[in-house]
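Structure, as structure tokens:
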There are 2 protein chains.
Amino acid sequence: MKSVLVSEDHAIVRFGITAIIKDLIHPVQVVEAADFDETIRRLSETAFDLLILDINIPGGNNLQMISAVRLRQPDIAILIFSGYDEQMFGINYIQAGADGYLEKHAPEEEIRRAILTMIESGKYITPGIRSRLMEHTGHHRQTASHEGNPLLALSGREKEVMQLLARGMSVMNISRTLNLQVTTVSTYKGRIFEKLNISNVIELAEKVRLYSN
Amino acid sequence: MKSVLVSEDHAIVRFGITAIIKDLIHPVQVVEAADFDETIRRLSETAFDLLILDINIPGGNNLQMISAVRLRQPDIAILIFSGYDEQMFGINYIQAGADGYLEKHAPEEEIRRAILTMIESGKYITPGIRSRLMEHTGHHRQTASHEGNPLLALSGREKEVMQLLARGMSVMNISRTLNLQVTTVSTYKGRIFEKLNISNVIELAEKVRLYSN
DNA sequence: TTCCAATGTCGAATAATTACTACAAACCAG
DNA sequence: CTGGTTTGTAGTAATTATTCGACATTGGAA
């Protein structure tokens with residue numbers, strides 16, 4: 001029997017996913033976790049075939065989640081389930097070792113396909129993501145290389161903060177969302193502004209609108 | 001037979017809600033709509049007992065949604081389904097005539113209770129929201145006058161400040177530009193946000209872009 | 001290998017912003 | 001006229017944000 005762990009903090013979303021899984025696969029055992037602690041606890045108890053992991057899960061929210069999971073279950077298939085606008089930095093999770101990537105606003109059909117594909121082949125990447133992956137592999141830093149898209153000059157964490165800032169979220173709020181100190185977020189903000197050569201969030205929002213795929 | 005219309009753009013969320021409804025009520029007919037246009041279309045075709053409406057639905061996203069719905073079906077029960085950041089903002093929908101208010105991150109139990117209560121009594125408000133409602137009642141002006149353009153609700157000085165804010169200028173900077181105390185500018189900023197029903201400069205910039213001649 | 005720039009993260013101190021409260025002048029509906 | 005509302009303006013106190021300097025890691029370049 002296949003078994004799946006659904007880590008997602010919004011109850012309805014969890015509910016929806018669980019329903020889809022049960023409708024799609026059988027026999028199947030589905031376990032739910034509402035935060036990262038619980039996720040880890042479940043992983044220590046039971047072996048799963050697939051983990052569907054919300055990037056924004058409370059207590060998680062960073063690339064180390066992947067290794068924390070792999071530490072417990074090296075062979076589990078990890079499908080990153082990414083919310084709002086984190087496409088930009090979602091790929092970082094793939095590079096960090098996740099096996100699949102699905103966006104929360106994907107249509108039902110794609111969600112079904114993703115889950116099924118993950119269970120069957122252990123991988124699920126859309127062509128769009130794949131090509132973006134291509135771009136990213138290889139060249140990092142060195143200003144000159146990101147000719148076309150200035151946003152590529154930002155590091156993973158910076159991109160994350162950038163997204164939130166561009167949505168109008170306050171520094172304090174971001175710090176809570178990402179479980180970081182306010183000063184840390186502020187530091188990122190400064191570095192972002194510097195790298196993008198801008199001086200306020202309005203300009204940031206513009207750049208993001210312009211260059212975010 | 002009861003019938004419910006679920007207006008929500010995220011497929012999984014829609015799926016989850018539909019599943020809960022079907023599990024909760026029977027016989028029941030559930031129709032889904034992914035954007036506001038579709039919502040209106042459905043409302044024109046069929047009579048529903050309950051509408052579960054995502055505030056952030058594409059094509060909607062404003063208080064006029066309520067009247068648009070009521071225009072078609074005066075007696076439908078409307079449950080506002082509000083996402084993350086819009087809690088503060090959501091109460092306005094209640095004042096605009098919605099019958100219930102539910103947050104997306106509510107636990108499954110509450111979601112069930114809300115839907116059931118709505119179907120049975122046509123209303124659902126949590127104590128928390130109710131108290132916030134209390135506070136808010138009292139200061140609402142004659143919304144009707146500035147139908148099309150919300151920016152018209154602002155006074156001269158406010159518009160002035162708005163313009164600068166939308167350019168990304170800081171409060172301090174504006175205070176120097178206009179020879180006012182920072183606190184004065186801050187007061188304007190607050191009043192602007194309140195009048196436009198927004199909570200950060202990004203949204204302000206959007207409104208300005210949208211409604212400025 | 002070694003070393004350095006880039007990255008992720010903070011704390012202390014300092015600066016900027018907001019929340020409340022206030023109040024007078026201007027407006028306006030009755 | 002008259003009392004209620006809106007507008008322009010601030011002060012005080014409480015929050016938030018930024019600056020600066022640090023430090024441990026990491027991935028490459030040399």
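The analysis underlying the following values was restricted to heavy atoms, covering all of them including side chains, and did not include hydrogens, waters or symmetry mates. In the text below, chain A, chain B and the rest are named by the order of the sequence lines, each starting its count at 1.
Here the side chain of A/R70 pairs a donor or acceptor atom with the backbone of A/I76 at under 3.5 angstrom. In this structure, the side chain of B/D99 engages the main chain of B/I78 through a donor-acceptor pair within 3.5 Å.
Using a 4.0 Å cut-off between charged nitrogen and carboxylate oxygen, A/K104 and A/D54 count as a salt-bridge pair. In summary, B/E108 and B/R112 engage in a salt bridge, as defined by a charged side-chain N under 4.0 Å from a carboxylate O. Between A/R157 and A/E160, at least one side-chain N (NZ, or NE/NH1/NH2) sits under 4.0 Å from a carboxylate O, which counts as a salt bridge.
For B/K195, the listed nucleotide lying nearest its side chain is D/dT7; candidates were C/dT18, C/dC10, D/dT7. Residue A/K189 places its side chain closer to D/dA17 than to any other of D/dG11, D/dG8, D/dA17. Comparing C/dT18, D/dA10, C/dC10 against the side chain of B/S186 picks out C/dT18 as the nearest.
Atom CG in B/L180 sits about 17 Å away from atom C1' in C/dT18, given to the nearest Å. Counting to the nearest Å, the P atom of C/dT17 and the CD1 atom of B/I174 are 9 Å from each other. Between A/Q181 atom CD and C/dT9 atom C1' there is a gap of 9 Å when expressed in whole angstrom units. Separating the CZ atom of A/F193 from the C1' atom of D/dA17 is a distance of 11 Å, rounded to the nearest angstrom. If you take CG of B/N200 and C1' of C/dT17, they are 15 Å apart, rounded to a whole angstrom. With rounding to whole Å, A/K159 atom NZ is found 15 Å from C/dG8 atom C1'. When rounded to the nearest whole Å, the span between CE of A/M172 and P of C/dC10 equals 13 Å. Taking atom CD of B/E160 as the reference point, atom P of D/dG8 lies 9 Å away to the nearest angstrom.
A/R191 contributes no side-chain N or O that forms a donor-acceptor pair with the base of D/dT18 under 3.5 Å. For a distance-only test at 3.5 Å, the side chain of B/T187 qualifies as a donor-acceptor partner of the base of D/dA10.
Nearest-nucleotide positions on DNA chain D place B/Y188 closer to the 5' end than the other of A/T183 and B/Y188.
Put simply, B/T184 has a side-chain N or O that comes within less than 4.0 Å of OP1 or OP2 on D/dA10.
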